[in-house]
Undergrad: 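Attaching a single structure in structure tokens format; questions to follow.
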Amino acid sequence: MSTESRTLTVKIKRYNPETGVEPAWEEFQTSADPMDRVLDVLQKVKWDQDETIGFRRSCAHGVCGSDALRINGVNGLACRILVKNLKSDVITLEPILGLPVIKDLIVDMKPFFDHYKSVMPFLINDDPPPTTERLQSPTERARFDESTKCILCACCTTACPPFWGDQKYVGPAAIVNAHRFIFDSRDRGAAQRLDILNDAEGVWRCRTVFNCTSACPRDIQVTQTIQEVKRTLLTGEVDNEVVVASAME
Ligand code: SF4
Ligand code: F3S
Ligand code: FES
């Protein structure tokens with residue numbers, strides 16, 4: 001692997017809705033080392049050349065989920081993509097699709113979080129509290145481990161063609177977070193969440209495109225998660241326990 005720095009052309013889609021001017025690409029030249037991340041490149045351009053470029057970031061380590069971008073046409077976290085893995089010396093950076101642009105690479109995440117909140121992503125259990133913890137076996141905990149890894153970056157939902165065409169679709173991220181609780185043995189809210197998702201704008205809007213799975217920086221099997229929720233609606237059972245009337249009846 002070459003350790004030499006590269007000269008990159010960074011093309012950023014600029015937009016400020018307050019000006020009334022249409023979005024337009026702007027190009028910058030900068031140098032980057034192989035182990036720099038796309039986020040480092042973007043920051044360097046901002047610090048050295050144009051401090052008005054708008055983008056979000058926080059942790060810079062793939063944990064907070066705030067720097068999801070469309071990078072060379074594919075959704076990803078800018079802090080997770082190394083310069084050495086870029087095939088071209090041109091990087092295009094656009095805001096993720098399907099959410100209103102506030103400025104440049106910053107989108108309004110409210111519609112995304114509204115969908116997330118709509119599936120009640122919290123433990124529901126009105127049983128009398130036990131004297132110690134609500135116990136759970138390792139197998140029961142493993143049942144929903146996949147969906148606990150979500151960092152709410154929106155890479156999946158904004159890579160989904162049905163969501164691009166219909167922002168009322170609850171989207172894959174919300175379904176992953178519903179799955180997180182539907183399959184939790186301590187939770188009692190599965191029927192309510194399944195009722196919400198049993199809708200044309202719920203899981204049935206998913207056309208099994210798989211873009212969400214490819215886009216997920218946490219390697220969550222998003223499409224499989226959605227399929228498990230669909231199957232639960234069809235059978236009416238969560239892990240052999242009846243929770244809702246089967247949609248097949
Ligand atoms: Fe991001 Fe993956 Fe969660 Fe979707 S499922 S919001 S891509 S971490
Ligand atoms: Fe969209 Fe993923 Fe389904 S990309 S159509 S939510 S499999
Ligand atoms: Fe936090 Fe990239 S800045 S995930």
Side-chain angles (χ1 to χ4, degrees), residues 35-44 46 53-71 73-83 85 91 93 95-99 105-107 109-119 121 144-183 197-231 233:
M35 294 306 287
D36 282 343
R37 290 93 38 95
V38 168
L39 180 62
D40 299 316
V41 174
L42 184 53
Q43 288 180 150
K44 191 158 184 267
K46 181 178 172 86
I53 299 169
F55 61 92
R56 283 198 185 99
R57 59 140 295 175
S58 182
C59 70
H61 289 285
V63 177
C64 73
S66 64
D67 61 342
L69 296 177
R70 197 164 154 87
I71 301 165
V74 177
N75 280 8
L77 298 177
C79 65
R80 288 279 304 260
I81 298 172
L82 294 174
V83 165
N85 293 331
I91 315 179
L93 301 176
I96 47 179
L97 300 178
L99 295 169
L105 304 175
I106 302 171
V107 295
M109 294 289 281
K110 185 174 184 305
F112 173 81
F113 283 111
D114 284 346
H115 285 312
Y116 167 67
K117 284 189 270 184
S118 75
V119 301
F144 59 93
D145 192 56
E146 187 79 0
S147 42
T148 64
K149 295 189 282 180
C150 178
I151 55 172
L152 294 171
C153 66
C155 280
C156 55
T157 296
T158 60
C160 171
F163 182 76
W164 297 339
D166 171 16
Q167 280 98 45
K168 288 189 183 144
Y169 171 34
V170 68
I175 301 170
V176 165
N177 285 280
H179 178 285
R180 150 74 187 85
F181 291 98
I182 289 169
F183 292 92
L197 293 174
N198 188 20
D199 189 272
E201 304 291 3
V203 288
W204 307 119
R205 179 66 70 213
C206 168
R207 296 292 186 267
T208 324
V209 177
F210 275 92
N211 279 15
C212 52
T213 302
S214 313
C216 181
R218 302 286 290 171
D219 295 328
I220 297 172
Q221 297 302 305
V222 180
T223 310
Q224 183 183 319
T225 301
I226 297 168
Q227 293 302 103
E228 287 181 16
V229 176
K230 286 181 180 173
R231 200 176 311 125
L233 279 166

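Computed from a prediction, not measured in an experiment: that's the story for all the values here. Whatever order the structure lists them in is the order used to number ligands and atoms, beginning at 1.
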Undergrad: Tell me: protein heavy atom nearest atom 5 (S) of ligand 2, and distance?
TA: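 Here the nearest protein heavy atom works out to Arg207 N, 3.1 Å.
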
Undergrad: Can you list the ligand 3 atoms lying under 4.0 Å from a non-hydrogen atom of Gly62?
TA: 4 (S)

Undergrad: What atoms in ligand 3 come closer than 4.0 Å to a heavy atom of Ser58?
TA: 3 (S)

Undergrad: Any ion pair linking Lys110 and Asp114 (charged N to carboxylate O, less than 4.0 Å)?
TA: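 Here Asp114 pairs with Lys110 in a salt bridge, since their nearest N and O are under 4.0 Å apart.
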
Undergrad: Under a 4.0 angstrom heavy-atom cut-off, which atoms of ligand 2 come close to Cys212?
TA: 2 (Fe), 4 (S), 6 (S), 7 (S)

Undergrad: So if I count the atoms of ligand 3 from 1 in the order they appear, which ones are less than 4.0 Å from some heavy atom of Cys59?
TA: 1 (Fe), 3 (S), 4 (S)

Undergrad: Give the numbers and elements of all ligand 1 atoms closer than 4.0 Å to a heavy atom of Pro217.
TA: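 Going through ligand 1 atom by atom, the ones under 4.0 Å from Pro217 are 7 (S).
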
Undergrad: Taking CZ in Arg80 as the centre, count heavy atoms belonging to other residues, nucleotides or ligands within less than 6.0 Å. Is the count above 12?
TA: no

Undergrad: Is Ser147 close enough to touch ligand 1? Criterion: a residue heavy atom under 4.0 Å from a ligand atom.
TA: no

Undergrad: Got the closest protein heavy atom to atom 1 (Fe) of ligand 2, with its distance?
TA: Cys160 SG, 2.4 Å

Undergrad: Suppose we only allow N, O or S atoms; which atom of Asp67 ends up nearest to atom 2 (Fe) of ligand 3?
TA: OD1

Undergrad: Counting backbone and side chain alike, does Cys64 bring an N/O/S atom below 2.8 Å of atom 1 (Fe) of ligand 3?
TA: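 So Cys64 counts as coordinating atom 1 (Fe) of ligand 3, yes.
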
Undergrad: Looking only at protein heavy atoms, identify the closest one to atom 6 (S) of ligand 2 and say how far it is in Å.
TA: Tyr169 OH, 3.4 Å

Undergrad: Consider ligand 2: state whether an atom of it lies below 4.0 angstrom from any non-hydrogen atom of Val222.
TA: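 Not so, Val222 does not reach ligand 2.
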
Undergrad: Given that the side chain starts at C-beta and the backbone is N, CA, C, O, which of these parts of Val63 lies under 4.0 Å from ligand 3, counting heavy atoms, or is it both or neither?
TA: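 Val63 to ligand 3: backbone contact only, side chain stays beyond 4.0 Å.
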
Undergrad: What atoms in ligand 1 come closer than 4.0 Å to a heavy atom of Cys150?
TA: 3 (Fe), 5 (S), 6 (S), 8 (S)

Undergrad: Taking only heavy atoms of Pro172 into account, list the atoms of ligand 2 that are under 4.0 Å away from them.
TA: 6 (S)

Undergrad: Can you name the atoms of ligand 2, numbered from 1 with element, that are less than 4.0 Å from a heavy atom of Pro162?
TA: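 Answer, ordered by atom number: 5 (S).
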
Undergrad: Tell me, with the steps shown, if Cys156 and Val176 meet side-chain contact (heavy atoms from CB on, under 4.5 Å).
TA: CA-CA 10 Å; Cys156 55; Val176 165; 5.8 Å; no

Undergrad: What are the atoms of ligand 3, with element, lying closer than 4.0 Å to any heavy atom of Gly65?
TA: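 By the 4.0 Å cutoff, the relevant atoms are 1 (Fe), 4 (S).
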
Undergrad: Tell me whether Arg207 contacts the main-chain N or O of Arg205 through its side chain, where contact means a donor paired with an acceptor under 3.5 Å.
TA: yes

Undergrad: Does any N, O or S atom of Cys79, backbone or side chain, fall under 2.8 Å from atom 2 (Fe) of ligand 3?
TA: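 Checking atom 2 (Fe) of ligand 3 against Cys79, an N, O or S atom does fall under 2.8 Å.
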
Undergrad: Near Ile226, which atoms of ligand 2 are under 4.0 Å from a heavy atom of that residue?
TA: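 Ligand 2 atoms under the 4.0 Å threshold to Ile226: 6 (S).
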
Undergrad: Within less than 2.8 Å of atom 2 (Fe) of ligand 2, any N, O or S from Cys206?
TA: no

Undergrad: Please classify the Ala60 to ligand 3 contact at 4.0 Å (heavy-atom distances, strictly less than): side chain, backbone, both or neither.
TA: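 Only the backbone of Ala60 comes within reach of ligand 3.
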
Undergrad: Not counting sequence neighbours, which residues clear ring-ring contact (aromatic ring centres under 6.0 Å, His included) with Phe183? List them please.
TA: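 Testing Phe183 for ring-ring contact (aromatic ring centres under 6.0 Å, His included), a comparison that skips the adjacent residues, returns His179.
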
Undergrad: Is Ala154 close enough to touch ligand 1? Criterion: a residue heavy atom under 4.0 Å from a ligand atom.
TA: yes

